[in-house]
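Excluded from the calculations below are hydrogen atoms, water molecules and symmetry mates; all remaining heavy atoms, backbone and side chain alike, are included. Throughout, protein chains are lettered first and strands after them, A, B, ... in sequence-line order, and every chain is numbered starting at 1.
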Protein chains: 2
Amino acid sequence: MATIQDVAKAAGVSVATVSRVLNNSGLVQEETRETVMEAIRALNYQPNLLGRNLRRMETRMILVLLPNISNPFYSRIVKGIEDVAHKNGYNIMLCNTDSDKMRERIYLELLKKRLSDGIILMASELSREELLELGKNYPVVQCCEYREDVEITHVSIDNYSAAKKAVNHLIGQGHKRIAMISCKNNFLSTVQREAGYKKVLEESGIEFDPDLLAYGDYGYKSGLRTAKQFLSMQDKPTAIFAISDMMAIGAIKAVRQAGLKIPEDIAVVGFDNINFASMCEPELTTVSQPKYDIGCYTMEFLIRQIKGESKSSQAIFLEHELIIRASTVK
Amino acid sequence: MATIQDVAKAAGVSVATVSRVLNNSGLVQEETRETVMEAIRALNYQPNLLGRNLRRMETRMILVLLPNISNPFYSRIVKGIEDVAHKNGYNIMLCNTDSDKMRERIYLELLKKRLSDGIILMASELSREELLELGKNYPVVQCCEYREDVEITHVSIDNYSAAKKAVNHLIGQGHKRIAMISCKNNFLSTVQREAGYKKVLEESGIEFDPDLLAYGDYGYKSGLRTAKQFLSMQDKPTAIFAISDMMAIGAIKAVRQAGLKIPEDIAVVGFDNINFASMCEPELTTVSQPKYDIGCYTMEFLIRQIKGESKSSQAIFLEHELIIRASTVK
DNA sequence: TTGTATGCGTTATCAC
DNA sequence: GTGATAACGCATACAA
């Protein structure tokens, strides 16, 4: 494997000159430049980034931690992150955390040991203390899920008003018994979505019924399970609001298995607008997040941090939209 | 940021000793060891992998190229790859190629420039020449999709017999007009699945009808489109065999939109057994690949190559299974 | 059991 | 415009 030394020798110049050619830094005569390029080709030389990275003390790699790559919600976001990264000469390392704090920590090691220049956290399980410590020492941006009690830039939507919009839509369709499938976690998005749900009920003069609030884990099966629970009640709900499309799709399955019709007997609203939301039967009414843009902004803020351009943390909220489909209106 | 030098100074030992403690290589007295550990903690020292990597000339990183992380088929495979990698002290870098040769090449650069110790290709678009060149110089394993005209280890299933099994199942259900949704690419899996389909028809004395062979791109929409095409024919097929679950799910949608019943009017078979196959309505009959195991084997063979243990390339075929669900039998 | 010294491949500072 | 050379942080051969 040829090194820069070999190229220098072959071209009859110093390594400094070769380096200058490689990085088009500094001046170098056109003629010598070509001699060097010639040598590079002849030796099939590839600069060794291990050397460069050590010298420059940077890797131009970005860690992206997400719970699970198979969650379709994340794929568009990742695309946005990736596009902006590449445009700026960075590469990303996608890391599955499985929502496991230990796994997350393994990846943080890579950052702390300088194998990456910055990190994006998508739904971190880290404690406030760990996050604070991290944010103090390294470039970090929180994407979608975030803690607001740490000074770390985050990019997301306003989950409170998104939930309000979804539930208000159901109210507008005449529903009075509206169930919610939430998740038992401490994510702010969850808290806010529940708060939005309760707020609309209150505004509509409907008393909140704890029996109509169940908990899943964002996944299909948990939606199926909790919806079955609702359907077994004496006083069934006439609408279900789930905080993820996957759970909503599970709920749809449960309703259909029970021989009920959507939306006539029971209406269903999801959250995220994943691709499958428009593939299922009936198509799912859901809250659409600007996933690609969320990814773009996230990466842009991270790069700004890496460059040392931004000092204070920022809170970015992008627009969302309620997509009305056949699962709520005939 | 503390370096090994700082630790050595603080502990009153040489850097060599600190290094020995860090890697538990060589002998070091328990007492000094503890002094060093003390200093490490006090300075909150993190070894800089950039230095180590350069010195060792390895990164313990593995590139994993796949067309698209949002394809649910790959997520289980990646899990297998990841688990084996971690068990062996490697980390993986997931890379979206978007089935774009140029993007693929960008990632190959990372390998050639030594930022990764090896690479796994999931559905590479590279030419035979490029692949040959790559395999000659770096540790490479092909996963699922592969070219057999290059000497590079690959792990997959026997797509020919899998397709035969699927179509035979339809024949067994009494179908005679069986359409196929394939893809226009040069993947061996595609060729073999088409060959299996035609072989079964031949064995069953059914003449192959070119009108019943349409092409998609593995995605939902293309399944919807091609199925609609079939449904508009005078002499409609009574069954559809798609080479991906996503296309099969699209086909199901088309059939239902046309007001026809599954499986009574038209039966549908998919391929891959992704999670959604059991979530859609009706649940999808499909060919199940041992995704997790495919990932494990792939990574194991790659590690063997990196260690220099294996010389010749190998062809690994794992067992598949036909999962029969409501989309083909009542 | 520990320390000294060298080099991994590169970039960047300085002198010419 | 170009060349010598000193780092970057670490692991290791060799000496002690």
* Establish, from distance only, whether the side-chain atoms of D272(B) and Q289(B) form a donor-acceptor pair under 3.5 Å. => yes

* For the side chain of D117(B) and the backbone of T59(B), is there at least one donor-acceptor N/O pair under 3.5 Å apart? -> yes

* Asked: For K113(A) and dC8(D), what is the distance between atoms NZ and P respectively, to the nearest whole Å?
  -> 21 Å

* Phosphate OP1/OP2 of dC10(D): any N53(B) side-chain N/O under 4.0 Å -> no

* **Atom-to-atom span, CZ of R114(A) to P of dC10(D) - whole angstrom** => 11 Å

* **Spacing of L43(B) atom CG relative to dG9(D) atom C1', expressed in whole Å** => 15 Å

* Asked: Is there a donor on the side chain of R55(A) or the base of dT10(C) sitting less than 3.5 Å from an acceptor on the other?
  -> no

* Asked: So what does L54(A) hit on the nucleic acid, given a heavy-atom distance under 4.0 Å: a base, only sugar-phosphate, or nothing?
  -> base

* Taking for each residue the nucleotide of DNA chain C bearing the nearest heavy atom, is the 5' side occupied by V28(B) or by Y45(A)? -> V28(B)

* Asked: If you look at every heavy atom in I81(B) and I92(B), which pair is closest and at what distance?
  -> CG2-CG2, 4.1 Å

* Which whole-number value in Å describes the distance from E58(A) CD to dA12(C) C1'? -> 14 Å

* **Atom-to-atom span, CG of N24(A) to C1' of dA12(C) - whole angstrom** => 16 Å

* Asked: Above 12 or not: heavy atoms from other molecules or residues under 6.0 Å from CD of E31(B)?
  -> no

* Is there a donor-acceptor pair under 3.5 Å between the side chain of R304(B) and the backbone N or O of M299(B)? -> no

* To do: Name the nucleic acid region contacted by T32(B), choosing base, sugar-phosphate or nothing; use a 4.0 angstrom heavy-atom cut-off, strictly under.
  => sugar-phosphate

* To do: For K9(A) and dT10(C), give me the distance from atom NZ to atom P, rounded to whole Å.
  => 14 Å

* Sugar-phosphate only, base, or nothing, as touched by V15(A) at under 4.0 Å among non-hydrogen atoms -> base

* To do: Could you check whether L27(B) gets within reach of a base, just the sugar-phosphate, or nothing at all, counting any heavy atom under 4.0 Å?
  => base

* With the side chain of I4(A) defined as its heavy atoms from C-beta on, choose the nearest nucleotide among dA5(C), dT10(C), dT2(C). => dT10(C)

* Is the shortest side-chain N/O distance from R52(B) to OP1 or OP2 of dA11(D) below 4.0 Å? -> yes

* Between S19(B) and S14(A), just flag the one whose closest nucleotide in DNA chain D comes earlier from the 5' side. => S14(A)

* Structure fact -> Among dG3(D), dT1(C), dT10(C), the one nearest any side-chain atom of T17(A) is dG3(D)

* To do: May I ask you to verify whether the side chain of R20(B) and the base of dG3(C) hold a donor-acceptor pair under 3.5 Å?
  => yes

* What's the closest nucleotide to the M57(B) side chain, out of dT10(C), dC8(C), dA13(D)? -> dC8(C)

* Would one find a side-chain N or O of N23(B) under 4.0 angstrom from OP1 or OP2 of dA11(D)? -> yes

* Structure fact -> Regarding the side chain of T3(B), the nearest nucleotide among dT11(C), dA11(D), dC10(D) is dC10(D)

* **Q5(B) vs dC10(D): side-chain N/O to OP1/OP2 distance below 4.0 Å** => no

* Structure fact -> note: Q29(A), atom CD; dG1(D), atom P; distance rounded to Å ~ 6 Å

* Asked: Would you say the side chains of T32(A) and Q29(A) form a donor-acceptor pair under 3.5 Å?
  -> no

* Report the residue (G26(B) or R56(B)) whose heavy-atom-nearest nucleotide on DNA chain C is the more 5′ of the two. => G26(B)

* Structure fact -> Separation of dT2(C) atom P from E30(B) atom CD, nearest Å, is 10 Å

